[in-house]
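A short write-up of the structure that comes next.
Here is the naming used below: chain letters follow the sequence lines, and residue numbers restart at 1 for every chain. All figures in this text were calculated on a predicted structure; none of them were measured in a lab.
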Amino acid sequence: MRLRFAPSPTGPLHIGGVRTALYNYLLAKKNNGKFILRIEDTDQNRFVSGAEKYIQEALEWCGIIPDESPFIGGPFGPYRQSERKHLYRKYADQLIANGSAYYAFDTPESLDSKRKEDPNFIYGHKVRMQMRNSLALPEAEVQELLANQTPFVVRLKIPEKESIAFSDLIRGAVSFQGSDLDDKIILKGDGWPTYHLANIVDDYLMQITHVIRGEEWLSSTPHHILLYKMLGWEDKMPHFAHLPLLLKPSGKGKLSKRDGQALGIPVFPIDWVSNNDHFDGFREKGFLPEAVINFLALLGWNPGDERELFSLSELIDSFDLKNVGKSGSRFDIEKAKWFNQQYIIHKEPQELAKLVLPILKRHQIDADLNTAIAFCQLMKERVNLLEDFWTNGYYFFQPVENYDEKMVRKKWSIEFRPIFEHYLSLLQELVEFTAEKIQALTNEFMELKTLSPGQILPVLRLGLAGTMKGPAVFEMMELLGKERVIERMETALTDFDNMS
RNA sequence: GGCCCGUUCGUCUAGGGGUUAGGACGCAGGAUUUUCAUUCCUGUAACACGGGUUCGAUUCCCGUACGGGCUACCA
């Protein structure tokens, strides 16, 4: 079994594209087959530099690693269509020779004006004999045009009486009438093939067995099937499966770059930077690749039971096209965040620390690994995104920026001051500054002064973190260390006095 | 407009001729917790509409509505 993902390097890979790649990858791996990455760069006008590298990096971040690609090669290379240009022409010629395709000399301008006078204009059986092509023009004229290097395209001659039916692995029976179809261009004026030709030739040559692609290709599938027949490759035709599209979180239409901008949600796997725009990806927003993959996999597919959390290898085991839905899925960032939270919670603190260290560094904090590990251990159940480690826990690394004044006023009263000063002096004498010892000391102290936890703990929390949210206060104190705890509490008590 | 595809809680979805239509996210409430979060429990909420077929349709068929895709010398 051989599957491919065949993007065009026209910009950053959309998250929907990642899902398509993922499904191809999963099906290939499940069947011990190969997953191939092929770059479809036949449109020179739309080429965007950096896009190809982006695709490679994005897939790598997601863990979707091709067995054959332009970067690592393989037995069916090259894997970039621009490097295969010489291959396509002969198949176009073959189709002309057997009467399945023809030369067309119409200028883009003449086609434009045809479309203007008839919005339903289709370059097909009804009009082809009125156009300037090798079917309508006398043979001698055609030869002359060709000899004079007149620009031409090659069009597929669609048999209008034929009904093209096929079984889509996701949608079941789908059929089209030849009479509705247009004579698609397969070779452009610049000598490059269009998607339709290049795609079929390459899938055939690369022995692709299954084509899983977006629903936007469903309407050109009859052309592709016809191409297989006309080229005599019908018995080698792959199975087709058309995926429903990803829809925007609310409102109409499919998920777009604009949604990312408007809603502040990532629509790309990793960040995209070019001279005129910059988009953060899931990676930059603090998502774990495992979470993104898991979320994406479940957007349109289900395992058939009620499991939700899947590693990549579990996805490989469970994946089946039978369980892919037919309707488009809305992109819900809240669910994505939930997956992320789950993965953060289940990740080892040492693994997390490796991801959190660079975030701390961005905030000019140079923490050592052990501190970062302890920090992650304390915080991991309290974050959704990686960046939350900083926003919700910055006070472990620098002074409190602001206090929750409302809570301070509620919990603090100026006459508590001697009590806390006493408490701090006891802390000062504590030899082993561990959560356990601090807790023992605190309990003893509360008993001595007949204080309740509610009177002392919130004040400590507020003083050390500025907020009521956070890890267990004794754990917090241990990680902060004696010096910082005492110093921070002393300044806090003064601040509190000023607030109340 | 034409062609093609689709439609179960707000969202992701399971199911399928007779079910209290199940799960998850979210939201609400509760338990645990010194706080927050986690965890656990409870609640909230859906078969687009109209005709058939049938003893019986959410499930099958046909329409309608709505949504999506395509309709380029783009992929």
How many angstroms lie between atom CZ of A:Arg38 and atom CD of A:Gln81, to the nearest 0.5 angstrom?
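Here the rounded value is 5.5 Å.
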Distance (rounded to the nearest 0.5 Å) between A:Tyr23 OH and A:Leu296 CG
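Going from OH on A:Tyr23 over to CG on A:Leu296, the span is 7.5 Å.
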Which one is paired to [N], where only Watson-Crick or G-U wobble pairs with both distances under 3.5 angstrom count?
N: B:C25; answer: B:G10
N: B:G50; answer: B:C62
N: B:U39; answer: B:A31
N: B:A45; answer: none
N: B:C70; answer: B:G2

Rounded to the nearest angstrom, tell me the gap between atom [atom1] in [X] and atom [atom2] in [N].
X: A:Trp301; N: B:A24; atom1: CH2; atom2: P; result: 17 Å
X: A:Trp338; N: B:A24; atom1: CH2; atom2: P; result: 9 Å
X: A:Leu218; N: B:C4; atom1: CG; atom2: P; result: 11 Å
X: A:Asn323; N: B:U13; atom1: CG; atom2: C1'; result: 11 Å
X: A:Asp404; N: B:U35; atom1: CG; atom2: P; result: 15 Å
X: A:Gln341; N: B:U38; atom1: CD; atom2: C1'; result: 8 Å
X: A:Tyr343; N: B:U38; atom1: OH; atom2: C1'; result: 18 Å
X: A:Leu243; N: B:C5; atom1: CG; atom2: P; result: 17 Å

Can you tell which of [options] lies closest to the side chain of [X]?
X: A:Asp332; options: B:C25, B:C4, B:G6; value: B:C25
X: A:Arg382; options: B:C4, B:G6, B:U35; value: B:U35
X: A:Gln342; options: B:G69, B:U39, B:U8; value: B:U39

Distances under 3.5 Å between protein N/O atoms and the N/O atoms of nucleotides 41-45 of chain B, please, pair by pair.
none

Take atom [atom1] in [N] and the same atom in [M], then report the distance between them in whole Å.
N: B:A65; M: B:C55; atom1: C1'; value: 31 Å
N: B:C73; M: B:A14; atom1: C1'; value: 47 Å
N: B:U8; M: B:A46; atom1: C1'; value: 6 Å

Ring-face cation contact, A:Tyr123 with A:Arg128, 6.0 Å cut, 45° max:
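Not flagged: A:Arg128 not positioned over aromatic ring of A:Tyr123.
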Can you list, pair by pair, the side-chain donor-acceptor contacts under 3.5 Å of residues 434-442 of chain A, counting residues two or more places apart and other chains?
residue, atom, partner, partner atom, Å
A:Thr434, OG1, A:Lys437, N, 3.2
A:Thr442, OG1, A:Tyr423, OH, 2.8
A:Thr442, OG1, A:Ile438, O, 2.6

Donor-acceptor pair under 3.5 Å: do we get one between A:Arg330's side chain and the base of B:C12?
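A donor-acceptor contact between them is absent.
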Does A:Asp180 contact B:G2 through a side-chain donor or acceptor facing the base, at a distance under 3.5 Å?
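Absent.
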Comparing A:Leu247 and A:Glu334 on RNA chain B - which has the more 5′ nearest nucleotide:
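So the residue in question is A:Glu334.
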More 5' along RNA chain B: A:Leu181 or A:Ala336, using each one's nearest nucleotide?
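Closest to the 5' end, via its nearest nucleotide, is A:Leu181.
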Just to verify, what does A:Glu52 make a side chain to side chain donor-acceptor pair (under 3.5 Å) with, not counting sequence neighbours?
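Scan of A:Glu52 (side chain to side chain donor-acceptor pair (under 3.5 Å), adjacent residues dropped) gives A:Arg80.
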Does A:Tyr102 have any side chain to side chain donor-acceptor pair (under 3.5 Å) partners at least two apart in sequence or in another chain, and if so, which?
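Per chain and number, A:Tyr102 pairs via side chain to side chain donor-acceptor pair (under 3.5 Å) with A:Asp183.
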Hey, do the aromatic rings of A:Trp390 and A:Phe375 have their centres closer than 6.0 Å?
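When the ring centroids of A:Trp390 and A:Phe375 are compared, they turn out to be at least 6.0 Å apart.
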Does A:Trp217 form a ring-ring contact (aromatic ring centres under 6.0 Å, His included) with A:Tyr195? I'd like the steps, not just the answer.
CA-CA 11 Å; A:Trp217 295 108; A:Tyr195 171 91; 3.9 Å; yes
Contact letters for nucleotides 70-75 of chain B, in which S counts primed atoms plus P, OP1 and OP2 and B counts the base, heavy atoms under 4.0 Å
S-SBBB
Can you name the one residue among A:Phe331, A:Trp301, A:Trp338, A:Phe310 that meets ring pair (Phe, Tyr, Trp, His ring centres under 6.0 Å) with A:Phe295?
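Exactly one pass, corresponding to A:Phe331.
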Salt bridge check, [Y] against [X]: does any charged N sit closer than 4.0 Å to a carboxylate O?
X: A:Glu83; Y: A:Lys85; value: no
X: A:Arg46; Y: A:Asp43; value: yes
X: A:Glu348; Y: A:Lys380; value: no

If only side-chain N and O atoms of A:Asn302 are considered, is one of them under 4.0 Å from the OP1 or OP2 phosphate oxygen of B:A14?
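Yes, within the criterion.
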What nitrogen or oxygen pairs link the protein and nucleotides 31-34 of chain B at under 3.5 Å?
residue, atom, partner, partner atom, Å
B:U34, O4, A:Val473, N, 2.8

Just checking, is any N or O donor in the side chain of A:Thr42 or A:Arg84 under 3.5 Å from an acceptor N or O on the other one?
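Checked: A:Thr42/A:Arg84 side chains show no N/O donor-acceptor pair below 3.5 Å.
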